[in-house]
Amino acid sequence: MIGEDEAASSIADNVISKFGNQLRFQHVPNDEGGATLTDNWLKVADLIPSAYLPTRDNQFHLFTRDNPTVSQPLLLYNGALLLNSNFNASRRTVILIHGHGGSALSNFNLVLIPSYLAAADVNVILVDWSRGANSNTVLSLVNIALSARNVKNFIEFVTSTTGQSLADVSLVGVGLGGLQAGLIGRRLRRQVGYIAALDPTYWSAVHELLPQFRANDGVYTEVIHTNVGNRGYIKPMGQVDIYPNGGINMPGCGRDDACDQERAYYYWAEALTSGGFTARQCTDYEEALLQECQGATLTLGGIEPKTGASGIYSLQTNPSPPFSQG
């Protein structure tokens, strides 16, 4: 006889759907520069009530120059908490969105929060959607849309409560967070002033389920490609697309895909604090991959959107900090 607990466990492990032609269990990149062993198949257990609920699980942490290391938690629709925080509507607001396997303590956040605060007097809000980002591969993709709706509602709450304009908001995401940033921008009627996707994730097994980052998701959009063809997209996606070192095999990474993706936010952080990273315009992305670009110049990243800029660019970096060659 099978006991009730065993029966429930057996039912929970029943496979609902298989996606792609690859193995069921695969190592999927995470925000810590490594990989997490993940089940690519959708099971009954993935749909039980303990599943991801953004209104309950997403967390928002505010950092400013007045509290650069200890966050002030913010709650959706709690206006008193927001108005009594260090948030200042006269400053640009930067919203950071981690990727798959990430959390509030992801290296992405630990690198970018101090870099933004060193570069300018801004509000930095960290979005912790770790409950959704640490799910089954397929559910993580579904959870992007669920989280995006919640973050969109949070941004509307902040702007309506404080009077800040969407033009003064920046969305910056890495990996799956980069795709989520674009989706949030679309849901905010493409009025966000600056959206950056840092090596947005491409998973070949389930690419048809991935939300696409689009050039018109915000007033100005910029995409950094550092692991094309493996974890990241090859083709251009933004108004400006920059392919450091031909878009793959970043110097100092030793052909490590996780290191390649990390370099996207390390370059972004250094550009904030030190400038540099002058890129040359290319005629197309194939020229960028070959690093044969000789066109006009544009700098990578920065605090303010480069509204009106467009095109495909390439640049070279050093293998260790300072990464910029000028």
Side-chain angles (χ1 to χ4, degrees), residues 20 22-40 96-115 126-130 132-141 143-144 172-181 196-207 210 213 223-235 237 241-271 277 289 300-301 315-324:
Q22 301 189 30
L23 297 174
R24 174 175 179 176
F25 296 97
Q26 288 185 303
H27 284 93
V28 175
N30 60 41
D31 264 15
E32 301 308 311
T36 302
L37 185 63
T38 306
D39 188 345
N40 291 320
L96 302 178
I97 308 169
H98 64 74
H100 183 263
S103 70
L105 297 178
S106 288
N107 205 36
F108 166 74
N109 293 318
L110 300 180
V111 169
L112 287 185
I113 291 170
S115 297
L126 175 164
V127 177
D128 182 355
W129 65 292
S130 54
N134 286 274
S135 302
N136 166 290
T137 303
V138 175
L139 282 183
S140 290
L141 304 183
N143 291 344
I144 292 174
V172 183
V174 65
L176 290 184
L179 299 179
Q180 185 176 155
L198 309 184
D199 202 46
T201 295
Y202 175 80
W203 286 342
S204 59
V206 289
H207 70 275
L210 288 166
F213 188 97
V223 180
I224 311 301
H225 303 261
T226 53
N227 190 238
V228 300
N230 292 340
R231 295 184 175 186
Y233 282 85
I234 296 180
K235 293 186 178 181
M237 307 172 77
D241 288 78
I242 300 179
Y243 294 77
N245 309 299
I248 196 168
N249 297 331
M250 299 298 107
C253 280
R255 297 182 181 275
D256 183 321
D257 292 340
C259 178
D260 277 357
Q261 186 171 78
E262 282 187 314
R263 283 291 199 264
Y265 58 79
Y266 275 105
Y267 298 161
W268 195 265
E270 186 179 311
F277 293 94
L289 299 179
L300 178 150
L315 57 83
Q316 283 74 49
T317 68
N318 297 319
S320 59
F323 293 112
S324 173

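The first residue of the sequence shown is numbered 1, and numbering continues consecutively from there.
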Q. With a 4.5 Å limit on heavy-atom distance, are the side chains of Arg263 and Pro244 in contact?
A.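 When only atoms from C-beta onward are counted, Pro244 and Arg263 do not touch, as no gap falls below 4.5 Å.
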
Residues passing the side chain to side chain donor-acceptor pair (under 3.5 Å) test with Asp260, sequence neighbours excluded, are Asn227

Residues passing the side chain to side chain donor-acceptor pair (under 3.5 Å) test with Asn249, sequence neighbours excluded, are none

Whether the side chain of [X] engages the backbone of [Y] through a donor-acceptor N/O pair (distance < 3.5 Å, no angle test) should be reported.
{"X": "Asn318", "Y": "Ser320", "result": "no"}
{"X": "Glu270", "Y": "Ser324", "result": "yes"}
{"X": "Gln261", "Y": "Asp199", "result": "yes"}

- Query: Distance from Leu179 atom CG to Ile144 atom CD1, nearest 0.5 Å?
  - Reply: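 Separation between the atoms: 5.5 Å.
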
Rounding to 0.5 Å, atoms NE2 (His225) and CE (Met237) come to a distance of 7.0 Å

Could you list the residues that satisfy side chain to side chain contact (heavy atoms under 4.5 Å, CB included) with Ser130, not counting sequence neighbours?
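Counting only residues at least two positions away or on another chain, Ser130 forms a side chain to side chain contact (heavy atoms under 4.5 Å, CB included) with His98, Ser103, Asp128, Asn134.
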
(request) Name all residues meeting the side chain to side chain contact (heavy atoms under 4.5 Å, CB included) criterion together with Leu289; count only those two or more places apart in sequence or in a different chain, and write none if there are none. (result)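 For Leu289 the side chain to side chain contact (heavy atoms under 4.5 Å, CB included) partners, ignoring immediate neighbours, are Val228, Ile234, Tyr243, Tyr285.
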
Across all chains, not counting sequence neighbours, the ring-ring contact (aromatic ring centres under 6.0 Å, His included) partners of Phe323 are Tyr267

Quick one: closest heavy-atom pair of Gly173 and Ala181, and the distance?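 Scanning both residues, the minimum pair turns out to be N-CB, 4.5 Å.
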
Of the non-hydrogen atoms in Ala133 and Gly99, which two are nearest, and what is the gap between them?
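Heavy-atom minimum between the residues: CB-O, 3.5 Å.
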
Would you tell me whether Asn107 and Tyr266 have side-chain atoms, one donor and one acceptor, within less than 3.5 Å of each other? yes

